[in-house]
Amino acid sequence: MKNTSRRSFIKASVVGAVAAASGTLASSASAQTRNWDETVDIIVVGSGFAGLAAAIEAKKAGANVIVLEKMPTPGGNSIINGGILTATGCPQQKMHHIQDSKELLEKDILVAGNYMNDPKKVRQMVDRVLSNYEWTVNELGVEYLPDAIGQEGGHSVPRYVTTKSGSGAGIVTKELDKCKELGIPIRVRTYVDRIIRTPNGVEGVEVFEGYRFPKAGSGKPKSIKATKGVILCYGGFSADVPYRTIQDPKLNATLDTTNQPGATSELWRETSSIGCLQAQNDWIQCGPWGNPHEKGMGIGWQFNQTAAAEYGLWTNSAGKRFVNELANRKVRADAIMVEQANGRKCFAIADANGVKPFVAQRPGMLDKQLERKLVFKYDTLDDLAKAQGIDPEELKKTVAEFNGYVKSKKDPVWNRYINNEQVPVETAPFYVGELQPKVHHSMGGLITDDKCMVLDVKTDKPIKGLYAAGEATGHVHGAVRLGSVAILDCLVFGRMAGQNCAKS
């Protein structure tokens, strides 16, 4: 750092933060004597959906913006996301004659969230659901499958579109292209060590450039001033076993995560230390559709959800259904864990007709899953049951009962939504994948106002110069995030944060 030692820099940061958090004005001199290495208008922390959306909107509003990313490549969890976006009112819904509304989407989000959501946040997001889809298509050039519409658990009707790439990369790469077009630098391997808060608000950050994950303290220290503000889009902490176990002790090291290794808690701890209001950090979602025979997010989940949950059924090793396959993620993950605690494995099953929509959405993916032995194919249900250790007679009985529900379009046992295009599970070959919950999404986080400004823990008032969006924030999803709403959340509030910060 220019003319400033590492020790004096940290001392000034701590004094300023303590002064700000305590409400005193005594240490404003720490900000006056600071020598910044660089000055920009806006610093965005994180290069996923939300961070890139914030940067794009801030730059379009005339601000000088930089994006900081601690990992060696941009994208975070977003780039490995499943690539499904809630898009109520989109052309794909209309093509399939699906009756939907913003009001129904809003209700589904609140019900799944156990009404622990902030209704104003949910309304802000839902009001922009169609314009957000249109922004990704018209502004970014994102390509979605033109005739496919899907339904994740907890949604009343099918309402998600799928990127042609079959992952979040289909959106992130377009955001990166737009950043390049606008001249927004994406600085990778840049670790944010401190957020500098003084009595005047948040004024900048202290970073390590050339950081090598996960080596703490690696790289060269540097201070960057933000004249308009800092936008925090640093994502969740599902890959941080110690921190997630503090929040929820049952989420220990025995559970895998779908997240990339950089989904850790450093900035969750840092924002706590500078007096940012946080809530519901112990509400952590497990994805119920994970496959135990691969690490991380993997690819097996795509069959388990897109084929079996939507067009097939889930059973335990006793051959019986144990949950509504389209219930919200917490209900399904908890149900699987209960089965496992009682010594039973859980499986996702679909037939030749059930995999057709999946094959159309994810061309070539089923072949990869079969090759990697994540999904298995059999000529009969008897063969499937015997090979996987499922009770064959009970399985056939269960499938027959389920087929009756499909024909009547009513499930009296689990009240599962029967897709209009679903047919009975009776056409060979039959496919099966095993189910294993994996730690997936942090529902809690920073509390923000209607302009995406972070609130102070002591006053509940906005902290000047500090904004946030995406998984780093709370009160949007409440107890459970519905699948396909993550991208909607990140893009809507990321864009709002960028626009509002640029106006400050």
Side-chain angles (χ1 to χ4, degrees), residues 13 16-28 30-31 40-46 50-51 53-55 57-58 61-63 65 68 116-125 127-128 192 194-205 224-235 267-281 442-478 489-504:
S13 303
V18 170
S22 65
T24 69
L25 302 177
S27 297
S28 60
S30 65
V40 297
D41 292 335
I42 295 173
I43 299 168
V44 177
V45 181
E57 293 294 345
V65 186
L68 308 183
M116 292 166 58
N117 334 57
D118 179 344
K120 293 180 181 178
K121 285 287 182 185
V122 176
R123 176 59 61 87
Q124 278 186 304
M125 180 172 65
D127 279 346
R128 294 163 174 79
V192 177
R194 294 284 187 272
I195 300 168
I196 309 304
R197 182 180 179 186
T198 75
N200 298 322
V202 167
E203 299 192 352
V205 297
I224 309 174
K225 180 177 176 65
T227 59
K228 288 183 176 291
V230 174
I231 305 176
L232 302 175
C233 302
Y234 49 72
L267 286 175
W268 289 74
R269 298 172 187 266
E270 173 66 4
T271 48
S272 293
S273 75
I274 65 167
C276 296
L277 184 61
Q278 299 187 19
Q280 300 171 347
N281 289 2
S442 307
M443 254 81 67
L446 298 165
I447 304 305
T448 59
D449 67 4
D450 59 3
K451 294 182 179 179
C452 299
M453 296 190 73
V454 179
L455 303 185
D456 178 81
V457 70
K458 297 188 74 173
T459 67
D460 298 337
K461 302 296 183 183
I463 299 171
K464 183 179 178 182
L466 191 61
Y467 298 75
E471 194 179 351
T473 63
H475 276 183
V476 177
H477 305 290
D489 169 19
C490 290
L491 294 181
V492 165
F493 291 111
R495 294 180 65 201
M496 288 175 59
Q499 293 163 354
N500 291 326
C501 186
K503 293 176 184 176
S504 65

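Counting from 1, the numbers follow the sequence of the chain as shown.
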*Taking all non-hydrogen atoms of both residues into account, name the closest pair between Ala472 and Tyr234 and its distance.*
CB-CE1, 3.5 Å

*Specify the closest pair of heavy atoms between Gly478 and Gln280, including all atoms of both residues, with the distance to one decimal.*
CA-OE1, 4.1 Å

*For Ala468 and Leu446, work out which heavy atoms get closest and say how close.*
CB-CD1, 3.8 Å

*For Thr448, check side chain to side chain donor-acceptor pair (under 3.5 Å) against everything at least two apart and list the hits.*
Lys121

_List the residues meeting side chain to side chain donor-acceptor pair (under 3.5 Å) with Asp489, not counting sequence neighbours, and say none if there are none._
His477

*Heavy-atom check, side chain of Val205 versus side chain of Leu68, under 4.5 Å*: yes

Considering only distance and modelled atom types, tabulate donor-acceptor pairs under 3.5 Å from the side chains of residues 497-504, sequence neighbours left out.
| from | atom 1 | to | atom 2 | distance (Å) |
| --- | --- | --- | --- | --- |
| Gln499 | NE2 | Glu57 | OE1 | 3.3 |
| Asn500 | ND2 | Lys451 | O | 3.1 |
| Asn500 | ND2 | Met496 | O | 3.1 |
| Ser504 | OG | Lys228 | O | 3.2 |
| Ser504 | OG | Cys501 | O | 2.6 |

Which donor-acceptor pairs under 3.5 Å do side chains of residues 460-467 form with protein atoms, sequence neighbours excluded?
none

_side chain to side chain contact (heavy atoms under 4.5 Å, CB included) partner of Cys276, chosen from Val202, Val454, Leu267_ = Val454

*asked:* Less than 4.5 Å apart, side chain to side chain, heavy atoms only: is that true for Val476 and Phe493?
replied: yes

_Selection residues 468-478 - residue pairs positive for salt bridge (Lys or Arg N to Asp or Glu O under 4.0 Å), sequence neighbours left out_ = none

*Residues two or more places apart in sequence or in another chain: which of them pass salt bridge (Lys or Arg N to Asp or Glu O under 4.0 Å) with Arg123?*
Glu106

*Do you know the tightest heavy-atom contact between Gly444 and Asn281?*
C-OD1, 3.7 Å

*With Asp449, which residues qualify under salt bridge (Lys or Arg N to Asp or Glu O under 4.0 Å), at least two apart?*
none

*Looking at Val45, Ile43, Ile224, Val230, which hits side chain to side chain contact (heavy atoms under 4.5 Å, CB included) with Val192?*
Val45

*Side-chain contact test, heavy atoms from C-beta onward, threshold under 4.5 Å: evaluate it for Gln124 versus Asp450 and give yes or no.*
yes

*asked:* Going by side chain to side chain contact (heavy atoms under 4.5 Å, CB included), name the residues that satisfy it together with Ala55, two or more places apart in sequence or in a different chain.
replied: Val44, Val65, Val67, Ile184

_Approximate separation, where rounding is to 0.5 Å, of Leu277 CG and Thr271 OG1_ = 10.5 Å

*How close do Ile447 and Gly474 get, heavy atom to heavy atom, and via which atoms?*
CD1-C, 4.2 Å

*Is Leu232 close to Ile195 at the side-chain level, that is, under 4.5 Å between some pair of heavy atoms?*
yes

_Pairing residues for Asp118 by the side chain to side chain donor-acceptor pair (under 3.5 Å) criterion, not counting sequence neighbours_ = none

_Test your reading of the model: is there a side-chain donor-acceptor pair from Arg197 to the backbone of Ile274, 3.5 Å cut-off?_
yes

